[in-house]
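Input: a single structure, listed below in structure tokens.
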Amino acid sequence: MIVDFRSDTQTKPTKEMLEAMFRAKVGDDVFGEDPSINELELFTAEMFGMEASVFCPSGTMTNQIAIKCHTQAGDEVICDVSSHVYQYEGGGIAFNSGASVKLLYGDRGRITSQLVLDSINADDVHKAHTSLVSLENTSNRGGGSCYEMNEIRKIRQVCDQHNLILHLDGARLFNALVEKKQTPKEYGEIFHSISICLSKSLGCPVGSLLLGKKDFIKKARRIRKVFGGGMRQAGYLAAAGMYALRNNIGRLKEDHAHARQIAEALKKKDFVGEMLPVETNIIIFALKQPWTAKTLVEKLRQYDIWGHPISPSQVRLVTHLDITPPMVEKTIDLIESL
Ligand SMILES: Cc1ncc(COP(=O)(O)O)c(C=O)c1O
């Protein structure tokens, strides 16, 4: 039994999900003729109370398409220093959009309206034109931290006052919704565009959606094609997405409970240093010397428990659909024995 805590992208489709995929009706989506994709796009748009959505292969693509649509070359994007759009999308903001970034030092990946306000460039020919603010909820490098709705609303006010667009990287938004008892529609009202992933905590093999107004999504479809993301009979993947949205959201609470149980066991150990507060399904903690991230990960591996060293001194463990209660028990037993 391998217990894979490296990422919530490690899930394999369940039998029920595979059956839903097997039954999917498909067509050529570049022609707009895949009924399963059309259903998924409509379903998610309605779920968020937004006008339209477009199905894409990955969260990197939905984020990068959004940034491309919302900016001109030479513009500046405001985001937290740890955000995925900046750290882990291959320099895509510069590569795809020719835009620069203003990096903010928020709290566990979360920026504030004041930080945003203070970082908007003056209307001055020397300066890049600030045009977009990108938030991430939950924040991956922030250890699955969640925004308060109030702060997001304040950020939107600042955006409105300064003519800025507000994008959300919601790769793990469903974790935040479940934990903070928020609704998709609250997010749909605030953001100009939202990216959601089906292939993280929701357990799908592939897929992300970008949501926004009709004219924005029309433009996004064009960029998706240019980026090589126009897919054909991809309704099989959309069917997995529909299955996940209907069945796998409520259960995220279990992942959060598992993460908290493991975190409690870790906190009791002398070799564990600072741990980020565990709000959802991600545990990030530091090791005290002589332990390093590498030595702990290697130790866990000997017992078929896989973690991810995210820096020389920090390990990340992520709970997800394929982590069962016996796996959590096994992990806690091992931690207690170290
Ligand atoms: C916060 C966040 N945004 C975006 C992505 C990108 O998703 P994908 O791997 O589907 O490109 C990830 C991937 O882990 C992520 O954690």
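Counting starts at 1 for both ligands and their atoms, following the listed order. The first residue of the sequence shown is numbered 1, and numbering continues consecutively from there. Here the structure is a predicted model, which is why all the values come from computation and not from measurement.
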Give every pair formed by an N or O atom of ligand 1 and a protein N or O atom closer than 3.5 Å, one pair per line with both atom names and the distance to 0.1 Å, or write none.
| from | atom 1 | to | atom 2 | distance (Å) |
| --- | --- | --- | --- | --- |
| ligand 1 | 3 (N) | Asp169 | OD1 | 3.1 |
| ligand 1 | 3 (N) | Asp169 | OD2 | 2.6 |
| ligand 1 | 7 (O) | Lys200 | NZ | 2.9 |
| ligand 1 | 10 (O) | Gly59 | N | 2.8 |
| ligand 1 | 10 (O) | Lys200 | NZ | 3.2 |
| ligand 1 | 11 (O) | Gly59 | N | 3.4 |
| ligand 1 | 11 (O) | Thr60 | N | 2.9 |
| ligand 1 | 11 (O) | Thr60 | OG1 | 2.6 |
| ligand 1 | 16 (O) | Asn140 | ND2 | 3.1 |
| ligand 1 | 16 (O) | Arg172 | NH1 | 2.8 |

Beyond-backbone contact of Leu252 with Leu202, side-chain heavy atoms, under 4.5 angstrom: yes
Report yes if some heavy atom in the side chain of Leu266 is under 4.5 Å from a heavy atom in the side chain of Ile283; otherwise report no.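 Side-chain contact under 4.5 Å: yes.
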Which of parallel (below 30°), tilted (30 to 60°) and perpendicular (above 60°) describes Phe191 and Tyr187? parallel
Backbone of Met149 reached by a side-chain donor or acceptor of Glu186 within 3.5 Å: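 No, Glu186 side chain to Met149 backbone: no donor-acceptor pair under 3.5 Å.
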Charged N to carboxylate O below 4.0 Å: is that the case for Glu51 and Lys214? no
Cationic tip of Arg246 within the cone over Phe43's six-membered ring, i.e. under 6.0 Å and within 45° of the normal? yes
